[in-house]
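The chain is numbered in sequence order, starting from 1. Remember, it's a predicted structure, so these values are computed and weren't measured experimentally.
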Amino acid sequence: MKKIKKSLVCATAVSLFAVSSLGAMPLKPFDMPSIAVNSYGADEDLKSGDCGEQGDNLKWTLDSEGVLTITGEGNMKSWDFGESPWFSRTDIKKVVIENGVTSIGNFAFEGCSDIVSATIPEGVTNIGISAFGRCEKLASVTLPKTVTSLENAAFESCESLTSFTFPEGVLEIGDNVLQFCYNLKTVELPASVESMGTGVFSYCTSLTEINVDEKNENYESIDDVLFDKNKNILLQYPSEKIGEEYVVPDGVSVIGKNAFNSAELLKSVVLSDSVMSIEDNAFCSCKNIKSITLGGCFIKLGRYVFDNCDSLVEINVSEDNGFFASIDGVLFDKEQKKIVKYPNGLKNEEYVIPDGVTYVGCNAFEESEYLKSVVFPDSVNVIGDYAFMNCKNITSIVIPDGITNIDYGVFYNCRSLSSVTIPDTVEIADVFSFYGCDSLITVKLPESVMMIDYRSFDGCENLMSIVIENPECYINDESETIFSNTIIYGYKGSTAEAYAEKYNREFMPLDENPDGYIIDKGVSDDGDLKWNLDDKGTLTVSGEGEISYESLLYYSMDCKGTVKKVVIENGITSLGMNPFNHFEEVTEIILPETIDALGEH
């Protein structure tokens, strides 16, 4: 059993119900924004109070042994995230709910990580949203037969649960009810269950079997795999089910959301010809799957289906399929105009997109960690959202002519991307387009660019300069749109100058720098020497004293390979040994009159 780092699993309220703090960015299992729960924590000095839907219809007390007792009649109050009087308290060890209580409210015991047991009486009919979410020490719970519904994430992240029995009488099971219960091994579903949400067992990484009462008219278990009663939808394959290959039975038409999530023992899955659709996140975190075979009737692929499938090297497609095709394991549409998915596990350092491709699909190359470069044909005119997200080793990109929009998050977190060429057909740098590209040194946005949207260049920690040639370019009015240390080049009176002034950025007028702009700069440890490198490859060194191998350039420059010309200004008196070692592209060096000594090499 492998446990996903808790930092990747935000509080239930965020992972399921809250709007992302990153704007419209879709939430994914491994990209959820986190909440610092300590900033919410309830007052641990409080030992009693009202907790009823009508106020004082229910009361609670907490004794010195950590036993929380709830008494009264009727429904418990439902809270918003973080507002329960017990939220994230560590002084509660046991919960006793007495007869008369008829519901457990939303977020009631959310984050009470030290609760080890809970007594729930007959008469309770509803367990609210995340009522016991993140009760990490809760090892067992018995629900009465009066419970008819469990709301979303009711027992999410209860890491100590090893088995769970839904009581006879339960009709509705919400989304993500047992999500992130890492040690859960077995689940029992009664005959009464009529509906289940999505992701009920997501990231239950120890789950080996799901048993369904044979009298259930809506669901069925076949070899521990959960299906709907008609066997049209494969709902959940247990993460720890033994076996390296699984053949989806004939008759199944849909692979449900999160269906194979975290099934790390699987190496191969063959979809029968009857399968028409794979829904979102279906194979997410199947880290050892090497191949997937799509049948002849397959027509629809959801979002993030193969996320974190680090070993996937081929997606095969039946020749009879009228919608998709496979070329060298890469998934295309049938006409080969669109790249749908490049398998994460392919170890090619370069991929040349075939001529004729016009569309690089959303998330097509996401997390392809071995790729260092991608070559586009002139035919490509659309690159979809997050197409290269988290491609951590891509170093350079030349965006082809014809692209008008650098879409949402296209190069998000491409941390090795140091060079990008943007053609004069591009009009928009969309939200998060280059977010987190912290190896970028300079970016030139041609006059065609009319919009730089929210956080387009945020997190680009080494971005020395950005050139904005369009004086009327719209720049999203947030300080995070362009990284704080970046020098902004633009024309006097331009929106670039106004943005720089408002957010205290260094601004350099293009009107006064027609010959180039700085892409890197530095200073020696003793402060005697300064240097800057412009976009033409001219390195200018100023100051006083000696330039030596140790003093400045070799150790402080990351761009040695781009230097073509060196200009040393007056004040420098000598060149020590090896001052320009490894500056392999230099063709010209201009020395000042103040130089009176030259060292070896």
Side-chain angles (χ1 to χ4, degrees), residues 16 102-104 120 122-129 131-132 141-156 161 163-179 181 184-202 204 207-241 243 246-261 263 269 271-282 295 297 300 302:
L16 296 175
T102 54
S103 73
I104 299 176
I120 301 173
E122 294 286 335
V124 170
T125 60
N126 178 266
I127 311 293
I129 294 171
F132 291 92
V141 61
T142 301
L143 302 181
K145 293 182 179 180
T146 53
V147 171
T148 59
S149 63
L150 286 84
E151 304 287 351
N152 296 350
F155 290 90
E156 183 199 31
L161 287 176
S163 64
F164 196 93
T165 299
F166 291 92
E168 183 62 50
V170 167
L171 303 175
E172 299 177 358
I173 299 172
D175 297 338
N176 309 100
V177 164
L178 292 166
Q179 180 176 243
C181 291
L184 187 66
K185 295 180 180 180
T186 63
V187 172
E188 304 289 333
L189 292 172
S192 59
V193 176
E194 295 178 353
S195 66
M196 293 179 62
T198 62
V200 174
F201 310 110
S202 292
C204 293
L207 190 63
T208 59
E209 58 185 87
I210 303 170
N211 300 310
V212 182
D213 190 303
E214 61 183 15
K215 296 177 183 178
N216 191 295
E217 296 179 356
N218 301 290
Y219 299 98
E220 184 171 342
S221 178
I222 303 173
D223 295 329
D224 302 317
V225 180
L226 182 64
F227 297 83
D228 71 323
K229 193 67 173 182
N230 295 324
K231 304 181 193 65
N232 290 328
I233 305 172
L234 191 158
L235 295 165
Q236 189 70 54
Y237 180 96
S239 295
E240 282 289 285
K241 179 177 167 60
Y246 184 71
V247 179
V248 176
D250 287 336
V252 172
S253 60
V254 177
I255 307 298
K257 290 183 179 181
N258 298 288
F260 287 87
N261 182 288
V269 175
L271 305 185
S272 60
D273 280 342
S274 60
V275 173
M276 301 176 66
S277 172
I278 302 177
E279 297 189 352
D280 298 349
N281 300 303
C297 295
K300 180 185 175 184

query: To the nearest 0.5 Å, what is the distance between CD1 (Ile233) and CG (Leu226)?
result: 10.5 Å
query: Does Phe164 have any ring pair (Phe, Tyr, Trp, His ring centres under 6.0 Å) partners at least two apart in sequence or in another chain, and if so, which?
result: Phe155, Phe166
- request: Kindly compute the distance separating CD (Glu122) from OG1 (Thr146), expressed to the nearest 0.5 Å.
  value: 5.0 Å
- prompt: So with a 6.0 Å cut-off around NZ of Lys185, is the heavy-atom count from everything else above 12?
  reply: no
Verdict with supporting geometry, Asn281 and Thr198, side chain to side chain contact (heavy atoms under 4.5 Å, CB included): CA-CA 11 Å; Asn281 300 303; Thr198 62; over 6 Å; no
query: Would the number of heavy atoms belonging to other residues, nucleotides or ligands and lying under 6.0 Å from CG of Asn230 be above 12?
result: yes
query: So, the side chain of Asn216 versus the backbone of Tyr219: is there a donor-acceptor pair under 3.5 Å, distance only?
result: yes
- prompt: Sub-3.5 Å donor-acceptor pair from the side chain of Glu168 to the main-chain atoms of Ser192, do we have one?
  reply: yes
Residues forming a side chain to side chain contact (heavy atoms under 4.5 Å, CB included) with Asp273, sequence neighbours excluded: none
message: Can you give me the closest heavy-atom contact between Pro144 and Pro167, atom names plus distance?
response: O-CG, 3.4 Å
- request: Starting at CD1 of Ile120, measure out to CD1 of Ile127 and round the result to the nearest 0.5 Å.
  value: 4.5 Å
- request: Check the pair Leu207 / Glu240 against side chain to side chain contact (heavy atoms under 4.5 Å, CB included), numbers first and verdict last.
  value: CA-CA 5 Å; Leu207 190 63; Glu240 282 289 285; 5.8 Å; no
- request: Return the set of residues passing side chain to side chain contact (heavy atoms under 4.5 Å, CB included) with Glu217 (not counting sequence neighbours), or none when no residue passes.
  value: none
- prompt: Which residue pairs pass the salt bridge (charged side-chain N to carboxylate O under 4.0 Å, His left out) test with at least one member in residues 227-239, sequence neighbours excluded?
  reply: Glu220-Lys231
- request: State, with a plain yes or no, whether a side-chain heavy atom of Val200 is found less than 4.5 Å away from one of Ile173.
  value: yes
field: Backbone N/O of Asn261 and side chain of Ser239: donor-acceptor pair under 3.5 Å
entry: yes
message: Ignoring hydrogens, what is the shortest heavy-atom contact between Gln236 and Val225? Give both atom names and the distance.
response: O-CG1, 3.3 Å
- prompt: Within the side chain of Ser221, is there an N or O that forms a donor-acceptor pair under 3.5 Å with the backbone of Ile210?
  reply: yes
field: Partners meeting side chain to side chain donor-acceptor pair (under 3.5 Å) with Glu172 (sequence neighbours left out)
entry: none
message: Before you tell me yes or no, could you show the steps for Asp224 and Tyr237 under side chain to side chain contact (heavy atoms under 4.5 Å, CB included), namely the whole-Å CA-CA distance, both residues' side-chain angles and the distance that decides it to 0.1 Å?
response: CA-CA 8 Å; Asp224 302 317; Tyr237 180 96; over 6 Å; no
message: Test your reading of the model: is there a side-chain donor-acceptor pair from Glu209 to the backbone of Thr186, 3.5 Å cut-off?
response: no
task: Find the distance between CG (Asp175) and CG (Leu150) and round it off to the nearest 0.5 Å.
output: 12.5 Å
field: Cys204 versus Leu178, closest heavy-atom pair with distance
entry: SG-O, 3.1 Å
message: To the closest 0.5 Å, what do you measure between CZ (Phe201) and CE (Met196)?
response: 4.0 Å
statement: Sequence neighbours excluded, the answer for side chain to side chain donor-acceptor pair (under 3.5 Å) partners of Glu279 is none
Show the atom names and distances, to 0.1 Å, of all donor-acceptor pairs under 3.5 Å that link a side chain in residues 247-257 to residues at least two apart or in another chain.
{"residue": "Ser253", "atom": "OG", "partner": "Asn232", "partner atom": "O", "Å": "3.2"}

message: I'd like to know if the side chain of Asp213 reaches the main chain of Lys215, judged simply by a donor and an acceptor atom lying under 3.5 Å from each other, with no hydrogens or angles considered.
response: yes
message: Under a 3.5 Å cutoff, is there a donor and acceptor pairing between the side chains of Glu194 and Asn218?
response: no
task: State whether the side chain of Asp280 and the backbone N or O of Gly302 hold a donor-acceptor pair below 3.5 Å, judged by distance alone.
output: no
- prompt: Sequence neighbours excluded, which residues qualify as side chain to side chain donor-acceptor pair (under 3.5 Å) partners of Ser103?
  reply: Asn75
- prompt: Listed by chain and number, what are the side chain to side chain contact (heavy atoms under 4.5 Å, CB included) partners of Thr125, not counting sequence neighbours?
  reply: Thr148
- prompt: Can you name the residues that form a side chain to side chain donor-acceptor pair (under 3.5 Å) with Asn126, not counting sequence neighbours?
  reply: Ser149, Glu151
